[in-house]
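Here's the structure, in structure tokens; my notes come after.
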Amino acid sequence: MKSPASTEQAATAFTRQSTLFDKIYAANTIVHYKRRRVRSHVLNLLPLRGRILELNAGTGEDAVWFAQQGYNVHATDISSGMQEILKQKSIHLGLRDKISNELCSFTDLGHLKDKGPYDAVFSNFAGLNCTDQLDKVIQSLPDLLKPGGTATLVILPGFCLWETSLLLRGKIKTAFRRFFSSRGRRAHIEGAYFSCWYYSPSYVKRAAAPYFDVIATEGLCTFVPPSYIE
């Protein structure tokens with residue numbers, strides 16, 4: 001699949017799930033654990049009252065949390081449904097002065113330069129696995145950041161111990177779905193199919209090397225199962 005088509009398909013899939021998303025994950029302890037880890041990581045790198053650009057913001061759970069800590073967040077996503085839930089949530093919580101939002105693809109971040117610069121950009125929950133142009137996404141980030149700004153990218157790698165172990169339960173397709181994924185793997189949400197790609201930490205480091213100094217590489221769920229296995 002070509003990337004633009006897959007982007008549109010992913011937007012359709014997540015829009016279909018937008019009204020259910022918060023209900024699905026509200027009580028998921030693994031999702032809450034991952035959110036705490038990522039928020040703590042980003043927060044430790046932020047100046048007080050800094051400006052944040054969030055990619056694949058979803059329904060705005062992280063944007064709301066950072067806004068409640070006093071930060072200004074520009075929350076972007078390709079899903080119109082997710083963006084609408086995010087907007088309504090920020091209005092309901094009285095955070096419209098702290099949260100702005102915009103429909104925006106990963107591969108079309110250049111026009112956001114006029115709205116920056118930002119102290120930090122972050123992408124949570126592997127949204128960046130929905131593009132086969134991660135190198136170009138990374139290349140576009142420095143122009144959006146202040147000197148010394150940081151980027152935190154949560155990305156699914158090509159190997160997951162928990163998924164591979166499902167081979168012992170006879171789930172061969174799931175156990176090996178991340179392998180040989182350079183051409184993309186088919187995923188689906190709410191009956192809508194799209195492609196996703198997996199990236200190793202070494203690939204991300206190489207792509208970032210001309211533009212960033214790598215502060216840390218962490219295994220977010222090395223010993224914690226994916227949320228769907230809870």
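Predicted model only: the values in this text are computed from it and were never measured.
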If I compare all heavy atoms of [X] with all of [Y], which pair ends up nearest, and what's the gap?
{"X": "Pro142", "Y": "Tyr211", "value": "CG-CB, 3.5 Å"}
{"X": "Leu141", "Y": "Ala151", "value": "CD1-CB, 4.1 Å"}
{"X": "Ile78", "Y": "Cys104", "value": "CG2-O, 3.5 Å"}
{"X": "Tyr199", "Y": "Leu128", "value": "CE1-O, 4.1 Å"}

Taking the side chain from [X] and the backbone from [Y], do they hold a donor-acceptor pair closer than 3.5 Å?
{"X": "Arg96", "Y": "Ile91", "value": "no"}
{"X": "Asn56", "Y": "Ser123", "value": "no"}
{"X": "Ser90", "Y": "Lys87", "value": "yes"}
{"X": "Lys98", "Y": "Gly70", "value": "yes"}
{"X": "Ser40", "Y": "Arg36", "value": "no"}

Side-chain heavy atoms under 4.5 angstrom apart, residues restricted to Ile, Leu, Val, Met, Phe, Trp, Tyr: same cluster for Leu109 and Leu145?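 Leu109 and Leu145: one cluster.
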Show your reasoning for whether side chain to side chain donor-acceptor pair (under 3.5 Å) applies to Gln83 and Asn101. CA-CA 7 Å; Gln83 284 278 287; Asn101 62 292; 3.1 Å; yes
What ring-ring contact (aromatic ring centres under 6.0 Å, His included) pairs are there with at least one residue in residues 30-65, not counting sequence neighbours?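 Non-adjacent pairs meeting ring-ring contact (aromatic ring centres under 6.0 Å, His included): zero.
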Scan for ring-ring contact (aromatic ring centres under 6.0 Å, His included) pairs involving residues 126-157, sequence neighbours excluded, and state none if there are none.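 Every candidate ring-ring contact (aromatic ring centres under 6.0 Å, His included) pair involving residues 126-157 fails, so no pair, neighbours aside, qualifies.
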Do Asp119 and Arg51 meet the salt-bridge criterion of a basic N to acidic O distance under 4.0 Å?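 No.
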Could you tell me whether Asp22 and Lys89 make a salt bridge, using a distance below 4.0 angstrom between a side-chain N and a carboxylate O?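 Answer for the salt bridge query: yes.
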Side chain to side chain donor-acceptor pair (under 3.5 Å) evaluation trace for Glu102 with His74: CA-CA 8 Å; Glu102 181 175 356; His74 189 55; 2.8 Å; yes
Between Val38 and Leu220, does the side-chain contact (heavy atoms from CB on, under 4.5 Å) criterion hold? Intermediate values first, please. CA-CA 8 Å; Val38 175; Leu220 185 59; 4.0 Å; yes
The test is side-chain contact (heavy atoms from CB on, under 4.5 Å); show your working for Asp77 and Leu86 and say whether it passes. CA-CA 10 Å; Asp77 203 285; Leu86 186 159; over 6 Å; no
Between Arg37 and Glu218, is there a side-chain heavy-atom distance shorter than 4.5 Å?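 Glu218 vs Arg37: side chains touch.
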Aromatic ring centroids of Phe14 and Phe194 under 6.0 Å?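 Yes.
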Would you say the ring centers of Phe66 and Phe122 fall short of 6.0 Å from each other?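 Ring centroids of Phe66 and Phe122 are less than 6.0 Å from each other.
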Measuring from Thr150:OG1 to Asp213:CG, what's the distance to the nearest 0.5 Å?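 Rounded to the nearest 0.5 Å, the OG1-CG separation comes to 12.0 Å.
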